[in-house]
*Asks:* 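Quick one: structure below, then a few questions.
We name chains A, B, ... by the order of the sequence lines, and we start the count at 1 in each one.
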Amino acid sequence: MMNNKPILVFQTDFTYKEGAVSSMYGVVKSVDRDLEIFDSTHEIPQYDIWSASFRLLQTVRFWPSDTVFVSVVDPGVGTKRKACVAKTVRGNYIVTPDNGTLTHLFSDPGIVEVRSIDESVNRLATTTGTSVFHGRDLFGYCAARLASGIIAFDEVGPVYPIDQIVRFDIPDPWIDDQGLHGIFEIMDPNFGNLWTNIPIEFMKKLSLSYGDSVHLAVHHGSTLVLDTIVPYHPTFGYVAEGRPVLYTNELMKVAFAICMGSAKDTYGLRFGPSWNVTIKEVK
Amino acid sequence: MMNNKPILVFQTDFTYKEGAVSSMYGVVKSVDRDLEIFDSTHEIPQYDIWSASFRLLQTVRFWPSDTVFVSVVDPGVGTKRKACVAKTVRGNYIVTPDNGTLTHLFSDPGIVEVRSIDESVNRLATTTGTSVFHGRDLFGYCAARLASGIIAFDEVGPVYPIDQIVRFDIPDPWIDDQGLHGIFEIMDPNFGNLWTNIPIEFMKKLSLSYGDSVHLAVHHGSTLVLDTIVPYHPTFGYVAEGRPVLYTNELMKVAFAICMGSAKDTYGLRFGPSWNVTIKEVK
Amino acid sequence: MMNNKPILVFQTDFTYKEGAVSSMYGVVKSVDRDLEIFDSTHEIPQYDIWSASFRLLQTVRFWPSDTVFVSVVDPGVGTKRKACVAKTVRGNYIVTPDNGTLTHLFSDPGIVEVRSIDESVNRLATTTGTSVFHGRDLFGYCAARLASGIIAFDEVGPVYPIDQIVRFDIPDPWIDDQGLHGIFEIMDPNFGNLWTNIPIEFMKKLSLSYGDSVHLAVHHGSTLVLDTIVPYHPTFGYVAEGRPVLYTNELMKVAFAICMGSAKDTYGLRFGPSWNVTIKEVK
């Protein structure tokens, strides 16, 4: 292997419209010319910590287990929220504000240790005096030092209890005699598909198979937004263009789409803990 | 040379708004840490296989001849369309659904061999059970194995006849006593220029030179959309801001622009086999 | 160190919607497979040379001092404007049309030498006949040859006097008995913050400290656009969501934001030499 230093993967809500990402990456390459950097996404919706958390769940597992992730969706930059590095059960490091971004990884695959970043050591010295760009001056810089081997994990800063990690409250999916229950946990903002947190194993428990029609009900809070019968298939291409379908998404959970259309726009669907989904057999 | 493994270049309609590209690249780097990856574009219009095909024509020739391209504009993912790897006359591999994406390269520079991907070997095993993300699980994974040298081209899967490759029907440009005839084959979605498939050699055959004014007529089907006299120049900067111009585009074909404006928006122009262009001398 | 060739960093107004960036990078990798390429941004507003100039100021200083930058915001491509390579005081090379893009770096950190690119040597030969894509055929190709060591700086082309470099006229900020005076020099197009060219040292000269309220007046030409009292803080997070604030931006200058909102949209603010900002003590 040519390069055995961990890869750095970044996600932010900065976009690529101006020089922020470039400055951040320049700092990384100035720490260590050999570090390899990838964009995960810089288009997380602004201030959307929930989405930042989910995107880590979606991506981290597919990278080598020593990969260092930097996540900067940080509306509280420069205020009291903690800056931290968490180590997952799998071995990955996540460098992030401790503001909810670790919610999903906390459950899957789990965090084994978390440390707050000691700014007196692991902050870029040349930009002292500004506190608005921790992506460049703190998170990116510290992650580069960690990936480069300049510091070990225990030199990031003081350890703190894992159960102090800030987390959103996400209800687990469940089954009862009314059917399968979960939430729309995220959407695909490009194709307009909605992803539930219901694993496809639940469908089997209800004796539902590909090709079956199922009853789908969606509530936003107490408002019934959608109540319909849809077919369940391996992928959207099994129904005609413009038709709705339940399918197995890339994370092996139940998702809702319109073939070559947008379920999000067509039905006005969004995601979060107030978007409740119920799936049951057609009687 | 430090790294003599072929570069991987990706184009999709995924956008960078969520974690799909990151997951796909993580799989590649998990196959072989040394592989170098480039984005061609992830903003091909959704499901627009024609544009995917054209973007390969526009880009492949400028990369080293061993570069492996992965194209995933794949509305039929998980259905019966073939997944394939094609080898071009130039030596490049193209990993793609066989759904029309190979149309332009089929003619220029030409395909020498095509193989369908054997999913029993060249599919990521850990995600068996989902069939919606072949970019990650099949195309990206297989391309990484090929570029890495883990498999040779003949281990991709069974060869099939080149003339079975799915292709759009694109009319060739021609000359008659009415002038030059072609289509708007693509647009520049950023600057709003329209690119014909008429080579600039045709202009010379009509004795048209830079600085001449020419007659441009555009039909969409049987509807005359534009009928005007425009100057022909090496580049748009030869006319005043806001003025229309025919010029020689980056692929040595005739294109239509408005200097620092959008021909697409100003005249309502689009592209495809139904957008017919006629150029003739001004009498 | 594994790779001791300078990094190439690109900024353009091409977007990533089509194949232009890919073709350009393919040419670079065809010149030298070992060159490492980064995107700075490809979303500079179309033809906005001022923004191109500012983005270099914002980013170049954070990259290694031998990094080669390529900037292509070039509405005059193929016309008489010079194509050049400038060397900064810091050691970086900037490959760009000489059309104003070097304005900010001319002052900070300064240019030590500039050479026009000799097209007879440093232009991609295979695309002779088209003059619309100098990013690929001239700037990218020449930058790759320079970074690769194929040519030395003095082989780029003939030197010309530094004071002939095309520059915008940007007024320096000043202090008088009416307060601090400057302009909105740029905005953050993502978060909607406006950045002045007033260094934070000026605030101290006026005895203004974090936590103070200050008087902010903005004129667009002779029109008073904004006249208000705002708090001055280290970062936007010190005020409530939706509240305006002056803060110290990432380049240690005074900036104006709305916490988790858009100052640009809320107040209709833009940037440039006609956007005058005055800051004074609250009496």
*Asks:* Considering only heavy atoms, which portion of Phe69(C) lies under 4.5 Å from any heavy atom of chain A: side chain, backbone, both, or neither?
*Replies:*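 Answer is neither: Phe69(C) stays 4.5 Å or more from chain A.
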*Asks:* Considering only heavy atoms, which portion of Glu36(C) lies under 4.5 Å from any heavy atom of chain A: side chain, backbone, both, or neither?
*Replies:* side chain
*Asks:* Looking at Pro189(C), Cys259(C), Pro45(C), which one has more heavy-atom pairs under 4.5 Å with chain A than the rest?
*Replies:* Pro189(C)
*Asks:* Which distance, rounded to the nearest 0.5 Å, do you find between the CZ of Phe10(C) and the OG of Ser22(A)?
*Replies:* 12.5 Å
*Asks:* Backbone N or O of Gly129(A) within a donor-acceptor pair of the Thr248(C) side chain at under 3.5 Å?
*Replies:*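 No; judged by distance alone, with no hydrogens or angles, the pair does not exist.
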*Asks:* Would you name the heavy atoms of Arg33(A) and Pro6(C) that are closest together and state the gap between them?
*Replies:* NH2-C, 4.0 Å
*Asks:* Measure distances from Val21(A) to the heavy atoms of chain C and classify the residue's part below 4.5 Å as side chain, backbone, both or neither.
*Replies:* neither
*Asks:* Is the side chain of Asn190(C) donor-acceptor paired with the backbone N or O of Asp13(A) at a distance under 3.5 Å, no angle test?
*Replies:* yes
*Asks:* Is the CZ atom of Arg90(C) crowded by more than 12 outside heavy atoms at less than 6.0 Å?
*Replies:*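 Yes, CZ of Arg90(C) has more than 12 neighbouring heavy atoms, counting only those of other groups under 6.0 Å.
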*Asks:* Any idea which heavy atoms bring Tyr16(A) and Thr41(C) closest together, and the distance?
*Replies:*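 What the structure gives for the nearest pair is O-OG1, 2.5 Å.
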*Asks:* In terms of the angle between their ring planes, are Phe191(C) and Phe14(A) parallel, tilted or perpendicular, with boundaries placed at 30° and 60°?
*Replies:*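 Phe191(C) and Phe14(A): perpendicular rings.
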*Asks:* Closest approach of Glu18(A) and Asp188(C), non-hydrogen atoms and distance?
*Replies:* CG-OD1, 4.1 Å
*Asks:* Got a donor-acceptor contact below 3.5 angstrom from the Arg61(C) side chain to the Ser23(A) backbone?
*Replies:* no
*Asks:* Any donor-acceptor pair under 3.5 Å linking the side chain of Arg136(A) with the backbone of Phe62(C)?
*Replies:*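 Answer holds: no.
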*Asks:* Please report the interatomic distance CE(Met252(C)) to OG1(Thr128(A)), rounded to the nearest 0.5 Å.
*Replies:* 8.0 Å
*Asks:* Looking only at heavy atoms, what is the nearest atom pair of Trp63(C) and Ser30(A), with distance?
*Replies:* C-OG, 3.6 Å
*Asks:* So which part of Ile7(C) gets closer than 4.5 Å to some heavy atom of chain A, the side chain, the backbone, both or neither?
*Replies:* both
*Asks:* Any side-chain heavy-atom pair from Thr127(A) and Glu250(C) closer than 4.5 angstrom?
*Replies:*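 Sidechains of Glu250(C) and Thr127(A): no contact.
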*Asks:* Could you tell me which non-hydrogen atom of Gly19(A) sits nearest to which non-hydrogen atom of Thr59(C), and how far apart they are?
*Replies:* O-CG2, 3.4 Å
*Asks:* What closest approach, in Å, do Gly26(A) and Pro64(C) show between heavy atoms, and which atom pair accounts for it?
*Replies:*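 The pair with the smallest heavy-atom distance is O-CD, 4.2 Å.
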*Asks:* Taking every heavy-atom pair that is under 4.5 Å apart, which of Asn249(C), Thr67(C), Val9(C), Ile200(C) has the most such pairs with chain A?
*Replies:* Asn249(C)
